[in-house]
Novice: 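Shown below is the structure under consideration.
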Amino acid sequence: MKANNYATVDIEDRKSNMKLTKNSAGQFQVGVDVKLTLNVIEYPKDSLYIQENVDDLNNRITAQLTKECEEVIQIIQAANCDYYGIGKHMRAFYYRDWQNTDWKELYPQIPISVNLDTEILYHGIVN
C-alpha cells in the first residue's frame, strides 16, 4: 500500500523575530514570529492546481510545524538550554533584572510562544 499523506517542502525564504517583554507584574515572556515561504517538492495527492487545496495544505503545514516548534521549546527549556539567546536579550535590555536573577532558575519558567506563518509560493505539478 502506497502512503499518500505526506508533503515534501523546501524552504525558499525565512524571516524570524524574537521579542522579550516584561509585563506589568514583572514577569518575562518571549514571542517568536516566524515567516516561511515554501516550495512544495512532492505531494502525492497531486491536486495543488486548486487554490482551496493549496490553502488547506498550507494550514496543515502551519499547524504541524507550530506543534513541533512548541515541543522543541519545551525540550530545550527542560534541559535549561538557552539556544535562542534569550539571556543575552535580557542582559542587554533588562540589565537590572538580569543582575538580580538566577537565570538557570528563571529560564525554564519563561513562557515562550511561537507565531508561525507559512506561505506556499511554488507548487507546480507534483506527484
Novice: What distance do K67 atom NZ and C69 atom SG have between them, rounded to the nearest 0.5 Å?
Specialist: 12.5 Å
Novice: Given N115, which of V32, T66, D33 fulfils the side-chain contact (heavy atoms from CB on, under 4.5 Å) condition?
Specialist: D33
Novice: Tell me whether I112 is reachable from F93 by hopping between hydrophobic residues (I, L, V, M, F, W, Y) whose side-chain heavy atoms are closer than 4.5 Å.
Specialist: yes
Novice: For a quick test of reading the model, state the closest non-hydrogen atom pair linking I120 to I61 and the distance between them.
Specialist: CD1-CD1, 4.3 Å
Novice: So, for Y107 and W103, is the gap between ring centers shorter than 6.0 Å?
Specialist: yes
Novice: Which atom names give the shortest non-hydrogen contact between K88 and D82, and what distance separates them?
Specialist: N-OD2, 4.5 Å
Novice: Quick check on E105: does its CD atom have over 12 non-hydrogen neighbours (other residues, nucleotides or ligands) under 6.0 Å away?
Specialist: no
Novice: Please say yes or no: joined through hydrophobic side-chain contacts below 4.5 Å, possibly via intermediate residues, are V30 and Y83 part of one cluster?
Specialist: yes
Novice: At their closest point, which heavy atom of T101 faces which heavy atom of M90, and how far apart are they?
Specialist: OG1-CE, 3.6 Å
Novice: Distance from L65 atom CG to T118 atom OG1, nearest 0.5 Å?
Specialist: 7.0 Å
Novice: Working to the nearest 0.5 Å, report the span between CD1 of I75 and SG of C81.
Specialist: 11.0 Å
Novice: Quick one: pull up CG in D97 and CD in Q27 and give me the separation to the nearest 0.5 Å.
Specialist: 12.0 Å
Novice: Testing the basics here: between Y84 and I76, what is the closest heavy-atom pair and its distance to 0.1 Å?
Specialist: CE1-CD1, 3.4 Å
Novice: Within the structure provided, determine whether M18 and I86 are in side-chain contact (heavy-atom separation under 4.5 Å).
Specialist: yes
Novice: Is the number of heavy atoms from other residues, nucleotides or ligands within 6.0 Å of CD (Q51) greater than 12?
Specialist: yes
Novice: Do N59 side-chain atoms and D55 backbone N/O form a donor-acceptor pair below 3.5 Å?
Specialist: yes
Novice: Kindly say whether L36 contributes a backbone atom to a donor-acceptor pair with the side chain of E119 at under 3.5 angstrom?
Specialist: no
Novice: Quick one, V34 and K15 - any side-chain contact, counting heavy atoms below 4.5 Å?
Specialist: no
Novice: What's the spacing between D10 CG and N39 CG if we round to 0.5 Å?
Specialist: 5.5 Å
Novice: Closest heavy-atom contact between I110 and Q29?
Specialist: CG2-CA, 4.0 Å
Novice: Check G26 against K22 and note the closest heavy-atom contact, atom names and distance.
Specialist: CA-CE, 3.6 Å
Novice: Does the side chain of L20 reach to within under 4.5 Å of the side chain of F28, using non-hydrogen atoms?
Specialist: yes
Novice: Is it true that the side chains of Q74 and E70 contain a donor and an acceptor less than 3.5 Å apart?
Specialist: no
Novice: Is any side-chain heavy atom of V40 closer than 4.5 Å to a side-chain heavy atom of L57?
Specialist: yes
Novice: Does atom CZ (R60) have a neighbourhood of more than 12 heavy atoms from anything else shown, all under 6.0 Å?
Specialist: yes
